[in-house]
There are 2 protein chains.
Amino acid sequence: MSLMAEMRDAEARRSKAERKLIDHILGEPEAVLNTPIARLAAAVGVSEPTVNRFCRAMGARGFPDFKLRLAGELARARPSMARDIEPGDSGSHVAAKIFEATAASLSSAHNSLDTGALEQAVEALDRARAIALCGLGASASVALDAQHKLLRFDTPVVAHTDIINQRMLTASLRPEDCLLCISYTGRTRAITEVAQLARDSGATVIGLTSPGSPLAKACSMVLGVEGGEDTDLYTPMTSRIAQLVIIDVLVTTLALRKGDDFADHLEAVKRSVAATRSR
Amino acid sequence: MSLMAEMRDAEARRSKAERKLIDHILGEPEAVLNTPIARLAAAVGVSEPTVNRFCRAMGARGFPDFKLRLAGELARARPSMARDIEPGDSGSHVAAKIFEATAASLSSAHNSLDTGALEQAVEALDRARAIALCGLGASASVALDAQHKLLRFDTPVVAHTDIINQRMLTASLRPEDCLLCISYTGRTRAITEVAQLARDSGATVIGLTSPGSPLAKACSMVLGVEGGEDTDLYTPMTSRIAQLVIIDVLVTTLALRKGDDFADHLEAVKRSVAATRSR
DNA sequence: CGCCATGATGTTGTTTTATTACATTTAAGA
DNA sequence: TCTTAAATGTAATAAAACAACATCATGGCG
C-alpha cells in the first residue's frame, strides 16, 4: 500500500507518539522532505528513534528511505503545471513544458471521464453490426488510429477521413450500426451534419468531442474531452492525446468484454504481422 | 527542467568527471537512490565533493536533496497500479490503469529523450526543401498526425501510409529533402528498406523508433522511444502516444525556430479553418 | 490495589554520511 | 611555455541517522 494511504489507515490503531507523527506528516508532507530527523522529532515532540522506528514500521529501511518513498508518492500526486512556451525557451525547456502539459491534460481527462458513458459506448460497439469512424483534419489521424485498433476485432470497421465519403457512408448505415465521430471542438459544421444524417438513419452515434458542443448535441452519447487548461498553443495537441487514450480505454474494455474469442483473434493478428518483421 | 532531461542535455558540455557521473546515474538511476555518496563516488571513480558539486549544479541543495528529486521523477515513470489488466476489472479500473500506464510511458519517454538528437532533427526539418513522412500500420496514424501539424508551415509536406507509395517516394527524394520514418518496433522490414532507399538518394532520414533497431541503424538520426515498462499489453499503445508527443515537441520547436514568419502563417491557417466552424 | 511483565518512548553515544575548506592537478589562453 | 583559472581531489568537520541501553507507561494478574 502507498505510504500516505498506509498512514491514514494506521492512524487509529497506532500508539500515541506515532499518531502525533502521522498527523504532522499528513499535514505537511512536502515539508517533511526538507526536514532532518532531529528537527522533525522536535517539531512533533517525540524522540528521534521514535521517528526512525515509525519509518521502519511503514516499510522503509530508515528515515532517509522513508523520505525517498514519500517524495515518489508526492511527485505523482502533484501534476506539475506547465506555463506557456515562450520564444526564448531552449529546446529542452520546450520538451519539458509539452510533456508536462500533456500529462496534465491526461490527468484532467481522466478525472472528467464519465464511466457511465464509457460503458454505454462499449455496449454499443459490442452490439454493433459494423463500426464506422469519422474525423476531419487533426481528428482524422485519431479516427485512423481507432480503426487500426478496432481491426483486431471481428466486427467490420471502417474509418473515413474525407467529408464526401463520410456523407456517403451515412446513407449505408443501419440502426444496428455504430458511428464514432471525433472532433476536438465539436464545432466543425461538416462533421455535425454527418452525425445528424447518421442519427436519421437510426444508427447509434458516439461523439468523442467537447461536451455541450453542437456535435455533442447531435450524438446519441458523448465521451467528453474537456479542454483542460486552455493554453491556446497546446490545447489542440494535448486534447488529441487525451482522445487517443480514451480510445485505448474503449478498445481495451471492449476486448475484455469480448473475452476469449478475442484472445484467439488477437493471436491470429499477431502471427500475420510477425511475418513482416526483421530478424 | 527535469533532472533526467537536464542531465542528458548537459552531458555534452560538462567536464570529464561530471560526464562520468551522468553516464553512471543515467545508466542505473534507481540504484543511485539507495547509494550513499561515498559509494557512488567510488563506483564512478571520482571524489565525493565532485558528486556533491554536481548535485548543486543540477539545482539541488546537496546530495540527499538530489536523491529526493530523482526519486520523484522516477516515480512518475513507473505505473503504481497493477500493470496488467485482468478480466475481472471494472470499467473505471481499466480506465485508471490505462491512463496511468500512459502517463508513466510519457514520463519515461521524456526522461530518455535525447535533446541533442532533437535539435538535430529540428535543424534538418528546418533546412529541408520538402518533408516526407512514412509509417505503416499503427504508425500510419502517427505519420498522418505529423503531416497535419507540419501543414501549418510553408515547407511542402506529405505523408505516405502504404508501402508502394513509400517506395516510389524514395525515388523522388533529393539530398535537400528530409524523411521521417515512424515505427514502434523498428523491425518492420518494409519500412527499413524505405529508409535505406531514401539514404541512398542522399536525403536526411530521421527515425522515430526504438533505438538500436534495424530501422534506427538505417537512419541518419534517431529519436528514440524506449518501451519503458515492457507490459506487452500496453506498450504498443502507450509508446504511440509518446511518439505523438515527441512530434509535438519537434513541431513546436520548429515553430519557435521559424519565428515571426510562422506566426503570420499560423494566423492565415487559423482563419481558413475558422470558416468551417458552427456559430 | 499494587506488582510484574511487556511494550512504548526517550537518552546517550557511535557510526555513517554529507559538507566545507583547502591543496593539488589539469586544461586553456596569452 | 608560462600564467591563470577552472576542475578535481584530500582531509578535516559538521550533520545526520542509528543502535544500545535506560526509563517510563500500561495492562494483566495475584
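A, B, ... follow the sequence lines: proteins, then strands. Residue 1 opens every chain.
When the P atom of C:dA8 is taken as reference, atom CG of A:Leu21 falls 14 Å away, rounded to whole Å. Taking atom CZ of residue B:Phe54 and atom P of nucleotide C:dT19, one finds them 14 Å apart after rounding to whole Å. If you measure from atom CD1 of A:Ile37 to atom P of D:dA19, you get 10 Å, rounded to the nearest angstrom. Rounded to an integer number of Å, the gap from B:Arg53 CZ to D:dG9 C1' is 8 Å. The nearest whole Å value for the distance from the CG atom in A:Asn52 to the P atom in C:dT17 is 13 Å. Rounded to whole angstrom, the span from the CZ atom of B:Arg56 across to the P atom of C:dA18 amounts to 12 Å. Atom CG of A:Leu40 and atom P of D:dA15 are 19 Å apart (whole Å). Atom P of nucleotide D:dT8 and atom CD of B:Glu48 are separated by 16 Å, given to the nearest angstrom.
Of all the residues in residues 22-33 of chain B, not one reaches under 4.0 Å from DNA chain C with any non-hydrogen atom. Contacts of residues 58-70 of chain B with DNA chain D (heavy atom under 4.0 Å): none.
When the side-chain nitrogen and oxygen atoms of A:Ser47 are compared with OP1 and OP2 of C:dT9, none of them lie within a distance under 4.0 Å. At the phosphate of D:dA6, neither OP1 nor OP2 sits under 4.0 Å from any side-chain N or O atom of B:Ser15.
Between B:Arg8 and B:Asp114, none of the side-chain N atoms (NZ, or NE/NH1/NH2) sits under 4.0 Å from a carboxylate O, so this pair counts as no salt bridge. In summary, B:Arg78 and B:Glu30 engage in a salt bridge, as defined by a charged side-chain N under 4.0 Å from a carboxylate O.
At distances below 3.5 Å, not a single donor-acceptor pair connects side-chain atoms of B:Asp23 with backbone N or O atoms of B:Lys20. Under the 3.5 Å distance criterion, the side-chain polar atoms of B:Gln243 are left unmatched by any main-chain donor or acceptor of B:Val142. Without hydrogens or angle criteria, B:Gln120 side chain to B:Met221 main chain gives no donor-acceptor distance under 3.5 Å. With B:Lys67 contributing its side chain and B:Thr35 its backbone, the two residues share a donor-acceptor pair below 3.5 Å.
Within the nucleic acid shown, B:Arg39 has no heavy atom closer than 4.0 Å to any nucleic acid atom. Using a 4.0 Å heavy-atom distance criterion, A:Pro36 is classed as a sugar-phosphate-only contact.
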Contact list (N/O, under 3.5 angstrom) for nucleotides 27-29 of chain C vs protein:
{"from": "C:dA27", "atom 1": "OP1", "to": "B:Lys16", "atom 2": "NZ", "distance (Å)": "3.4"}

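Inter-residue side-chain proximity for A:Phe66 and A:Val51 is flagged as unmet; no heavy-atom pair is nearer than 4.5 Å. Put simply, the side chain of B:His148 reaches to within 4.5 Å of the side chain of A:Arg240, judged on heavy atoms. Side-chain atoms of A:Leu21 and A:Leu40, non-hydrogen and from C-beta on, do get closer than 4.5 Å to each other. With a 4.5 Å cut-off on side-chain heavy atoms, B:Thr102 and A:Leu244 do not count as touching.
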Set out, in order, the CA-CA distance, both residues' side-chain angles and the distance that settles side chain to side chain contact (heavy atoms under 4.5 Å, CB included) for B:Arg199 and B:Ser220, then state yes or no. CA-CA 8 Å; B:Arg199 284 298 291 286; B:Ser220 328; 3.4 Å; yes

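A:Met7 contributes atom CE, which lies 5.5 Å from atom CG of A:Leu3 (distance to the nearest 0.5 angstrom).
Residue A:Pro49 places its side chain closer to C:dT11 than to any other of D:dG9, C:dT11, D:dC18.
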